[in-house]
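Take a look at the structure set out below.
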Amino acid sequence: MAKLTGSKKATQFTESVIREMTRLNEMYGGVNLSQGFPDFPAPPAIKEAACAAITADVNQYAVTWGARPLREAIAREFTRRYGVPVVADEQVTVCCGTTEAMMSTMMAIVDPGDEVVVFEPFYENYGPDAILSGATPRYVTLHEPAWTFDPDELAAAFNDKTKAIIINTPNNPTGKVFSREELETIAALCRKWDAIAISDEIYEHIIYDGQQHIPIATIDGMADRTVTLNGLSKTYSVTGWRVGWTISPPSLTGAIRKVHDFLTVGAPAPLQEAGAVALAMPEDYYASLAARYQERRDVLLDILERHHFTCYRPLGAYYIMTDISVFGFADDVEFARYLVKDIGVAAVPGSSFYKTAGVGKNKLRFCFCKRPETLAEADRRLEKLVPAGVTLH
Ligand SMILES: Cc1ncc(COP(=O)(O)O)c(C=O)c1O
């Protein structure tokens, strides 16, 4: 019976806390501000394109590395926006979400013993991604309140064994948008140590206060050593479609495509057709997406601050990190469970974004990719929440 156990790899990480919170929320009938998916409809034009593709019988496997119309749209848009030439046939691989794009990239480029630099706090998938691909993660702190890194600390994390660095801008969970200067610092280290930048840019269009998204592939000498990841999930509010992609230098594309092929064969064919339609949305679609999210950010900031949370104001993505020390709970997990069970609002414990034990235990992350009515209901429920040592009359 000793063999009826999970692998060593699988025992090194726990179930996703974010998805656990969504399940608890369903159990207690709460308002779900934990997992980052919209509760409003996706744009009609792309839903119609998906239905039309199914009706037209685009129902069999697409080419394993992605249907041509979508790959060409991805290459065209990246070049048009950022001036970096991309050849669809040599550089674009469509995957089952950015999640698979990250996993396929890591498995394609990392050997056991290779080190991968990861900024902490990080999107929780990067930990298991590193373990499953055999990488040894090297964590570098993003320091509060502006979530900046210390260039010396970053430089100290690079060495001969460094194969890659994972960047996520705009950033989940912090809302940080990496500046050109920061990206230049990272790029210089990548060039010095011959390392690859893996850049998760899934919140590319969700950016506030006049900030600008800068792909690290646009920094001098980086197009040849960057794998850019993105997907339909956040930009087009279709997180359930599972369509994402990599843009890689031709020297890495073959390895990524092989891993991708044997992991998943391919992303859903009709949804790739709809993806090509999505990428051709007019420019005002993106402007209004960002404007609507900025409004909701401001609404949720106001709600949380009124209910005694200390908030870190995000400049991109759709999450707010908060400090929960004032509530006097032993840790973030206990507080998150209380919040979903007794107050009826689900959020994500901060520790799920940190490897260093104890660091996230005074934090909670809320998302605001929700209808105004949903945020208003959260506001109403949070009325019951009181800081430690205060009694309600
Ligand atoms: C930083 C980041 N990358 C990737 C993903 C997952 O993307 P996808 O739905 O394309 O797999 C998320 C989802 O929350 C995310 O926050």
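Read the numbers this way: they start at 1 and go in the same order the structure lists the ligands and their atoms. The basis for the numbers below is simple: all heavy atoms, side chains too, and nothing from hydrogens, waters or symmetry mates.
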* Asked: Starting from atom 6 (C) of ligand 1, which protein heavy atom do you reach first, and at what distance in Å?
  -> T99 OG1, 3.5 Å
* Stepwise side-chain contact (heavy atoms from CB on, under 4.5 Å) test for F119 and T174 -> CA-CA 11 Å; F119 289 106; T174 65; over 6 Å; no
* Structure fact -> Here the atoms of ligand 1 under 4.0 Å from any heavy atom belonging to T98 are 7 (O), 8 (P), 10 (O), 11 (O)
* To do: Heavy-atom contacts with N168 under 4.0 Å: which atoms of ligand 1 show up? List them by number with element.
  => 1 (C)
* To do: Just jot down the ligand 1 atoms closer than 4.0 angstrom to any heavy atom of R242, in number order.
  => 8 (P), 9 (O), 11 (O)
* Asked: Hey, any chance F368 and Y319 share a hydrophobic cluster, counting ILVMFWY side chains that come within less than 4.5 Å of each other, even indirectly?
  -> yes
* Asked: Hey, any chance V116 and M103 share a hydrophobic cluster, counting ILVMFWY side chains that come within less than 4.5 Å of each other, even indirectly?
  -> no
* Basic-acidic side-chain contact under 4.0 Å: R191, E184 -> no
* Tell me which part of E100 gets within contact of ligand 1: side chain, backbone, both or neither, using heavy atoms under 4.0 Å. => neither
* Asked: So which heavy atom in the protein is nearest atom 13 (C) of ligand 1, and how far is it from that ligand atom?
  -> K234 NZ, 3.0 Å
* **4.0 Å heavy-atom contact, S233 with ligand 1** => yes
* Flag N172 as yes when one of its N or O atoms lies below 3.5 Å from any N or O atom of ligand 1, and as no otherwise. => yes
* Contact with ligand 1 for Y203, non-hydrogen, under 4.0 angstrom -> yes
* **Salt-bridge criterion met for R313 and E305 (N-O under 4.0 Å)** => no
* Asked: Is the closest heavy atom of Y126 to ligand 1 under 4.0 Å?
  -> yes
* To do: Pull out every atom of ligand 1 sitting under 4.0 Å from any heavy atom of G97, numbered as shown with elements.
  => 10 (O), 11 (O)
* Asked: Does Y319 reach ligand 1, in the sense of a heavy atom lying below 4.0 Å from it?
  -> yes
* Asked: In terms of residue, atom name and distance, what is the protein heavy atom nearest to atom 2 (C) of ligand 1?
  -> D200 OD2, 3.4 Å
* Nearest-neighbour protein heavy atom for atom 7 (O) of ligand 1, which is reported as residue plus atom name and distance -> I202 CD1, 3.1 Å
* Quick one: which of H205, R81, E201 gives a side-chain hydrogen bond (donor to acceptor under 3.5 Å, both in side chains) with H213? -> E201
* To do: Report yes or no: does a heavy atom of M102 sit under 4.0 Å from some atom of ligand 1?
  => no
* **Mutual orientation of the aromatic rings belonging to F327 and F309 [parallel < 30°, tilted 30-60°, perpendicular > 60°]** => tilted
* Asked: Should D261 and R257 count as an ion pair when the cut-off is N to O under 4.0 Å?
  -> no
* Structure fact -> CZ of F122 to CD1 of I166, rounded to nearest 0.5 Å, is 9.5 Å
* State, without any angle test, whether Y293 and Y203 hold a side-chain donor-acceptor pair at a distance under 3.5 Å. => no
